[in-house]
Amino acid sequence: MNKIAVLYKSKYGATKKYAVMLKEELACDIYDAAAYKTVRFEKYDCIIFAGGIYAGGMAGLNILRKVYDRIRQKRIIILCVGASPFDEKAVAEVKTRNLKKDLHDLPFFYVRGAWNEKCMTFKDRTMCRMLQKMIARQDEASCEPWMKELLNAQGKVCDWTDKKNLLPILTYVRAEQ
Ligand SMILES: Cc1cc2nc3c(=O)[nH]c(=O)nc-3n(C[C@H](O)[C@H](O)[C@H](O)COP(=O)(O)O)c2cc1C
């Protein structure tokens, strides 16, 4: 059985929740990505980087960059957590925007996290409200699915985290073991 580590970066808890679910399913070790210096990467065959997405940028990839030269021979998998519903085109765009240069071909999975403006920092809440206002001014026909969803979620408490969402990444990891 391959040894698997999950390094997660989670601001509001949904990505951490998914890391715990992966631990339940794969018996892997999980680490907060901020503690990456304590991780003995040589122990693992497969490393999953999980991170929330904020204004289009996936968290935790800076840590992957820092350790990439040490782990590039291992299986590296990316799990991105966002509020938008799954949409193939949108996920492909997120991948292209975030996995640049030699990271481009890494397997990339997307799952839906959570949304709660009350828990956000003032700065994050302000940024989200500005984004919502911008989207609200757009013609509905030109809105992408994630834009409509952001408007729907406005003022609501949403938690889309669900173990079922992990099925594609679990199937992938298990098939390659
Ligand atoms: C400031 C901010 C920006 C966000 N931008 C996006 C985004 O561009 N796309 C998206 O799908 N979700 C976006 N979200 C939603 C988060 O990705 C979602 O809440 C996710 O669950 C965050 O993971 P976490 O709970 O582990 O922090 C944003 C949330 C915040 C607070």
Side-chain angles (χ1 to χ4, degrees), residues 4-26 28-36 39 47-65 77-100 103 106-138 140 142-170:
I4 304 166
V6 177
L7 270 73
Y8 66 85
K9 189 90 185 266
S10 182
K11 207 164 172 183
Y12 297 107
T15 309
K16 183 175 181 181
K17 233 166 125 180
Y18 278 118
V20 172
M21 290 178 199
L22 287 171
K23 184 181 167 78
E24 287 162 5
E25 290 299 312
L26 298 169
C28 53
D29 295 330
I30 61 173
Y31 301 91
D32 187 326
Y36 75 97
V39 181
I47 301 160
I48 300 173
F49 282 84
I53 180 162
Y54 312 97
M58 184 187 151
L61 292 179
N62 58 332
I63 306 292
L64 169 57
R65 277 275 170 224
I77 299 169
I78 310 295
L79 177 67
C80 181
V81 181
S84 311
F86 182 86
D87 174 80
E88 218 161 295
K89 193 172 137 240
V91 171
E93 276 167 20
V94 171
K95 180 177 179 185
T96 308
R97 195 175 319 130
N98 285 277
L99 298 189
K100 299 240 159 77
L103 302 187
L106 293 178
F108 184 89
F109 295 86
Y110 174 85
V111 288
R112 241 180 147 186
W115 182 266
N116 185 352
E117 286 159 27
K118 286 196 195 94
C119 294
M120 289 179 193
T121 61
F122 176 74
K123 198 173 150 209
D124 281 353
R125 196 167 41 243
T126 309
M127 190 205 280
C128 289
R129 287 194 177 150
M130 276 166 54
L131 196 59
Q132 283 160 337
K133 274 190 191 148
M134 263 168 51
I135 296 169
R137 272 190 237 117
Q138 276 194 36
E140 206 188 323
S142 69
C143 282
E144 302 278 342
W146 69 268
M147 294 176 173
K148 289 181 187 158
E149 203 53 41
L150 205 64
L151 286 186
N152 276 342
Q154 200 164 10
K156 291 186 195 152
V157 177
C158 306
D159 184 355
W160 302 283
T161 55
D162 189 332
K163 212 182 236 186
K164 281 195 225 113
N165 298 337
L166 290 174
L167 210 59
I169 188 171
L170 287 172

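Start at 1 and go down the list; that is how both ligands and their atoms are numbered. Bear in mind that the values here come from a model prediction, so they are computed numbers and not experimental data.
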For [X], take its heavy atoms, then give the atoms of ligand 1 lying under 4.0 Å from any of them.
| X | result |
| --- | --- |
| G56 | 7 (C), 8 (O) |
| K11 | 24 (P), 26 (O), 27 (O) |
| G52 | 23 (O) |
| G113 | 21 (O) |

For the residue pair [X] and [Y], establish whether any side-chain heavy-atom pair is separated by less than 4.5 Å.
| X | Y | result |
| --- | --- | --- |
| M120 | W115 | yes |
| V6 | Y31 | no |
| M58 | L99 | no |
| L64 | I47 | no |
| C80 | N98 | no |
| Y12 | D124 | yes |
| M21 | N165 | no |
| V91 | F108 | yes |

Protein residue, atom and distance nearest to [atom], heavy-atom basis:
| atom | result |
| --- | --- |
| atom 25 (O) of ligand 1 | A14 N, 2.9 Å |
| atom 12 (N) of ligand 1 | A83 N, 3.1 Å |
| atom 2 (C) of ligand 1 | C128 SG, 3.6 Å |
| atom 11 (O) of ligand 1 | S84 OG, 2.7 Å |

Y110 side-chain N/O to G82 backbone N/O, donor-acceptor pair under 3.5 Å
yes
Under 3.5 Å donor-acceptor, Y54 side chain and K11 backbone
yes
Does [X], backbone or side chain, put an N or O under 3.5 Å from an N or O of ligand 1?
| X | value |
| --- | --- |
| Y12 | yes |
| M120 | no |
| Y54 | yes |
| K16 | no |

Between [options], which one has a non-hydrogen atom sitting closest to [atom]?
| atom | options | answer |
| --- | --- | --- |
| atom 3 (C) of ligand 1 | G57, G82, A55 | A55 |
| atom 9 (N) of ligand 1 | T126, T15, I53, D159 | I53 |
| atom 18 (C) of ligand 1 | A19, C119, A114 | A114 |

Is the closest heavy atom of W160 to ligand 1 under 4.0 Å?
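The answer is no, since W160 has no heavy atom less than 4.0 Å from ligand 1.
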I need the contact type for Y110 against ligand 1. Using non-hydrogen atoms and a strict under-4.0 Å cut-off, is it side chain, backbone, both or neither?
side chain
Considering only heavy atoms, does A59 approach ligand 1 within less than 4.0 Å through its side chain, its backbone, both, or neither?
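Neither part.
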E140, CD atom: more than 12 neighbouring heavy atoms under 6.0 Å:
no
